[in-house]
Amino acid sequence: ITITKSEVKKALQELKTKVLIPYKDESIASSLMTDIPEPGQIINTAKDDILGTTTFTLENGAKVTYKKTNYKNDQVLFHAFRFGGTSKYSRENFEATKIAYDIMVDNNYGVGLNGYTKTEMIKILTDKNCSVSPFIDKYNLGFNGGSTTRDLEELFKMVHLYFTTPFKDKKSYQLAFDKYRSLVSTSLNNPDNYFQMELENFLFKGKYKNINSPYINDFEKADYDLAFKKYQESFNSPSNFNFYFVGSIDEVLIQQYIKNYIASIGGKRGNDFYKIENFRPLSGSHKKILFKGSQPNSTVYMKYQGENKYNKKEAIAFKLLGDIISIKLNESLREKEADTYSPSAGGYIQKFPYGWYELNIGFSCNPDKVDKLKAIVEKQISILITNGPSEEVLMKARNILLATYKEQSKLNEYWLKQIVNVDLLKNEPKDIFTFEKRLNEITTKDIQNTAKKYLTNGYILGVLNPEK
């Protein structure tokens, strides 16, 4: 076919005068949910003057607590939980859902909503700033999320849909499954990953429900159909759930959103519970020496841990003890010996699901320096047990912790955590506001007594050396 010059000119002229209609993907909805459900009812309202919160009890058995703040404009953070989780599962069900749950909560491949895949959801939410992610942990389950003030209603819609119309997307699941398995199969080639996984297995004595790291044989047991069924059973009603919102909140609008999208969901649950096993992780004196990699570097890990009865004064003293050890190790190992990299120490005492203390010390060094530097760490701890810290070091650790507290107490993240823990951990609300006073009351003698109590029962040593 021959095209003449005049025909080309004519075509170009027509193109100049033609009105071009931009391409529009008609399949993309404006929202995940367009129909507003029949509102449910709030049956009780309670205000907490200490926390500055308002709590609504809904007719379906859910509770919603919010705290209005001005720490950050246009930010609302969200969390929800109820007790339950995988602690109740049989071994077979736990192993079948472990990998599947990891994928189902993935932001790119997880559970869809209202007939939309995760990929389609991302397109629909392109011009919105909000997110909601479900989770199922050992002792509880729920959601994490956040949004701008403008997009808070979309967040509520997502919560509603996670209860009412989760979408089972096997195609996306299989794609993520294959990528995840490939990642895990290569991760053990990394010495640090290998060390972490092997040490975790050693600490938990191979008890399947306590090991978080994924292993290749976990993939062989994964059952997406069972996991989705368990998810539906877990999130079949907001009854017994506690919902929390903190941030720049319109108090009139949030009440309406609560009625429309949470109170509107029917269904009542019986008492939800979790199961605490008699099993406890390793404590006392134990050793695990591993060999992986060829780099002339060793990683040393020292862990003091065991069961205890929670005491909130000891919890502060123990945190300070870990920080003091970190200060002393940076002086004695990195600054004076110059034989180590990034020494660190930190400790905590927990009250849920049972009383437990844990102090971790870690550093890396040349393989031939491991015993020498380990002895220096032991000496520093022995000094704290015998003499306690100096007033100067205690003051330094206290000031660091106080500065962190003051900085965090101006964040919505901090207040969300504190409010949640009043219900989750049964914390006293007034303790939030007396932290500085209680911190300043800790003495060098308190630190010494804490060291005597918790650091004289041996420790677990883990060492990763290069392969010989």
Side-chain angles (χ1 to χ4, degrees), residues 27-38 40 58 60-62 64 78-86 88-89 93-94 96-125 128 130-137 140-147 151 153-177 180 222-243 257-258 260-269 272:
S27 65
I28 298 178
S30 60
S31 173
L32 294 171
M33 180 180 178
T34 54
D35 296 328
I36 299 176
E38 186 70 26
L58 312 185
N60 57 13
V64 184
F78 161 65
H79 181 81
F81 85 91
R82 74 164 175 81
F83 292 112
T86 60
K88 301 184 297 180
Y89 287 15
N93 285 348
F94 178 85
T97 56
K98 177 180 176 180
I99 294 296
Y101 279 159
D102 285 347
I103 297 172
M104 287 173 65
V105 301
D106 184 86
N107 287 330
N108 295 311
Y109 300 99
V111 174
L113 295 175
N114 206 21
Y116 297 112
T117 67
K118 204 70 172 182
T119 301
E120 291 167 336
M121 287 173 58
I122 292 170
K123 289 181 180 178
I124 293 170
L125 298 172
K128 297 177 176 64
C130 63
S131 66
V132 176
S133 298
F135 68 86
I136 301 179
D137 286 343
N140 58 76
L141 53 101
F143 304 97
N144 291 304
S147 76
D151 295 320
E153 184 174 16
E154 197 70 24
L155 181 149
F156 270 88
K157 289 180 179 180
M158 293 175 72
V159 172
H160 181 95
L161 295 173
Y162 271 118
F163 280 107
T164 59
T165 56
F167 179 61
K168 189 176 182 180
D169 182 10
K170 274 198 167 184
K171 184 177 178 181
S172 294
Y173 170 82
Q174 191 59 51
L175 182 63
F177 181 90
Y180 194 12
D223 186 335
Y224 179 53
D225 292 331
L226 177 64
F228 193 83
K229 179 183 176 182
K230 287 288 186 183
Y231 170 90
Q232 289 178 304
E233 292 171 356
S234 298
F235 292 92
N236 63 353
S237 166
S239 177
N240 297 343
F241 270 85
N242 295 277
F243 298 84
Y257 296 157
I258 291 166
N260 288 348
Y261 302 110
I262 298 179
S264 62
I265 306 171
K268 286 270 190 175
R269 301 181 61 88
D272 290 308

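Because the structure is predicted, anything quoted here is derived from the model rather than measured.
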Within the 4.5 Å heavy-atom criterion, are Ile124 and Met121 side-chain neighbours or not? no
Does atom NZ of Lys88 have more than 12 heavy-atom neighbours from other groups under 6.0 Å away? yes
May I ask you to say whether Lys118 pairs ionically with Asp106, meaning some side-chain N is under 4.0 Å from a carboxylate O? no
Could you tell me whether a side-chain N or O of Asp169 sits under 3.5 Å from a main-chain N or O of Tyr109, the two making a donor and an acceptor? no
Electrostatic pair Lys128:Asp151 at N-O distance under 4.0 angstrom: no
For the residue pair Phe177 and Tyr173, does the interplanar ring angle fall in the parallel (under 30°), tilted (30 to 60°) or perpendicular (over 60°) class? tilted
Any donor-acceptor N or O pair under 3.5 Å, side chains Ser133, Asn107: yes
One should read off an interatomic distance between Asp102 CG and Tyr180 OH, to the nearest 0.5 angstrom, of 4.0 Å
Measure the shortest side-chain to side-chain distance between Asn140 and Phe135 over non-hydrogen atoms and say whether it is less than 4.5 angstrom. yes
Just wondering, do Tyr261 and Ile36 contact through their side chains at under 4.5 Å, heavy atoms? yes
Within 45 degrees of the axis of the six-membered ring of Tyr89 and under 6.0 Å from its centre: does Lys230 put its NZ or CZ there? yes
Got a donor-acceptor contact below 3.5 angstrom from the Thr97 side chain to the Phe94 backbone? yes
How about Tyr224 and Tyr231: are their ring centroids closer than 6.0 Å? no
Less than 4.5 Å apart, any side-chain heavy atom of Phe81 and any of Leu141? no
Assign the ring pair Phe78 / Phe143 to parallel, tilted or perpendicular, where the plane angle (0 to 90°) is split at 30° and 60°. parallel
Between the main-chain N or O of Ser147 and the side-chain N or O of Glu154, is there a donor-acceptor pair closer than 3.5 Å? no
Look only at the side chain of Arg82 and the backbone of Ala62, and say whether a donor-acceptor pair between them is shorter than 3.5 Å. no
Would you say the rings of His160 and Tyr257 are close, in the sense that their centroids are separated by under 6.0 Å? no
